[in-house]
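No hydrogens, no waters, no symmetry mates; every other heavy atom, side chains included, goes into these values. Counting starts at 1 for both ligands and their atoms, following the listed order.
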Amino acid sequence: MQKPADTQYAIHDLLKSRWSPRAFSSQPVKAEDLGSLFEAARWSPSAGNSQPWSFVVASQTNNEAVHQKFVGTMRGRNAAWTKNVPVLVLAVVKLNAEMPAMNRFAYYDVGQAVAHLTTQASALGLYVHQMAGFDGEQIRQIFEIPAGYEPITAIAIGYFGDLDDLPPDLREREVQERTRKNFPEFIFSERWNQPLTLEKAEVLADI
Ligand SMILES: Cc1cc2nc3c(=O)[nH]c(=O)nc-3n(C[C@H](O)[C@H](O)[C@H](O)COP(=O)(O)O)c2cc1C
C-alpha cells in the first residue's frame, strides 16, 4: 500500500514514499539489507563525532523467543501489530555523566541516525515504524542494557504486509490520511512567527 506525502515542493521519492505502517509481512529481511541499514546509521553525523547510538536487534527468524520477549514490552496497541514484524530493533543512547548538558545532543544524534536508517530502508523497499510505546525498564532487563545507557525507541523493520491481518481499529488508522503542519506554522523568516515567503513551485516533479 502506498501513502505518498502530499507535498507542495518536490522531494526525493525515497522521502516521499516513506510512511510508518503497522501491517507488516512476516517476510524476513535479508542480512545484507539489515547491514545496509546499520551502515547508513553508522555514517550519520553526531556532535563531536560522539556516535552515541547502539542498536539491539531481535529477529523473528533468528530467535523467536527473544522476539516475543521484545513484543511483550510493548505498550497499548503496539503489542497488537509488532508480533508480525520480522525485525525489531531497540535504539539506545549513551548518556554523558560528566557533561549532562550534552545529553540533548545525544538524543538528537540517535534520532538522526535512525532517520538515515529509515531513508536507507526506503531505498531497499523496506518500511520502518518507530515507537516510543514500550516499557523501558522491562526492555533494559531483557537486553541487559548497562547503567549510563538509555533505551529510547523501538524500531519495526520489514515489508508491507496485509491490511486484513490488523484488528479493525488499526486497519482504520492504517488507511487514514497522512497530515502535516503547513510551512507558516513552523518556518519563519527573520524573526519568530513571521512566515517565510517562498515562491510557489511551478512544476512538482519528483527529484
Ligand atoms: C519517536 C517516535 C515515537 C513513536 N511512537 C509510536 C508508537 O509508540 N506507536 C505507533 O504506532 N507509532 C509511533 N510512532 C509513529 C508516528 O505516529 C508516525 O511517525 C507519525 O504519525 C507520522 O506518520 P508517518 O511516519 O507515517 O509519516 C512514533 C514515531 C516516532 C518518531
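- Put simply, the residue from Val92, Ile152, Thr153 that forms a side-chain contact (heavy atoms from CB on, under 4.5 Å) with Val110 is Ile152.
- In this view, Glu137 and Arg140 satisfy the salt bridge (charged side-chain N to carboxylate O under 4.0 Å, His left out) rule, not counting sequence neighbours.
- Put simply, atom 21 (O) of ligand 1 has no protein non-hydrogen atoms near it, under 4.0 Å away.
- The nearest protein heavy atom to atom 17 (O) of ligand 1 is not closer than 4.0 Å.
- Within a 6.0 Å radius of CZ in Phe188, other residues, nucleotides and ligands contribute more than 12 heavy atoms.
- Aromatic rings of Phe143 and Phe70 (six-membered ring for Trp) have centroids within the 6.0 Å cut-off, being under it.
- Note on Asp6 versus Arg178: no salt bridge recorded, every NZ/NE/NH1/NH2 to OD/OE distance being 4.0 Å or above.
- Near Arg178, meaning under 4.0 Å from any of its heavy atoms, are these atoms of ligand 1: 24 (P), 26 (O), 27 (O).
- Heavy atoms of Arg77 come nearer than 4.0 angstrom to ligand 1 in no pair at all.
- Taking only nitrogen or oxygen atoms, main chain and side chain alike, Asn78 reaches within less than 3.5 Å of ligand 1.
- Counting atoms of ligand 1 from 1 in the listed order, those under 4.0 Å from a heavy atom of Ser20 are 19 (O), 24 (P), 25 (O), 26 (O).
- If you check which protein heavy atom lies closest to atom 12 (N) of ligand 1, you get His129 NE2, 2.7 Å.
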Under 3.5 Å, which donor-acceptor pairs do the side chains of residues 158-167 form with other protein atoms, sequence neighbours left out?
unit_1: Asp162; atom_1: OD1; unit_2: Asp164; atom_2: N; d: 3.0

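- For the 3.5 Å distance criterion, the side chains of Gln176 and Arg173 fail to qualify, holding no donor opposite an acceptor.
- No part of Arg75 comes within 4.0 Å of ligand 1, judged by heavy-atom distances.
- Taking only nitrogen or oxygen atoms, main chain and side chain alike, Thr153 does not reach within less than 3.5 Å of ligand 1.
- In summary, the atoms of ligand 1 found under 4.0 Å from a heavy atom of Trp19, numbered by their order in the structure, are 26 (O).
- Note on ring orientation: taking the six-membered ring where Trp is involved, the planes of Trp19 and Tyr127 are perpendicular (angle over 60°, cut-offs 30° and 60°).
- Close approach to Gly133 involves these atoms of ligand 1, each under 4.0 Å from a residue heavy atom: 8 (O).
- In Gln176, neither the side chain nor the backbone holds a heavy atom less than 4.0 Å from any atom of ligand 1.
- Considering only non-hydrogen protein atoms, atom 14 (N) of ligand 1 sits nearest to Gln130 O, 2.9 Å.
- Within the 4.0 Å heavy-atom shell around ligand 1 one does not find Lys3.
- The neighbour count for Lys94 NZ, taken as heavy atoms of other residues, nucleotides or ligands under 6.0 Å away, does not exceed 12.
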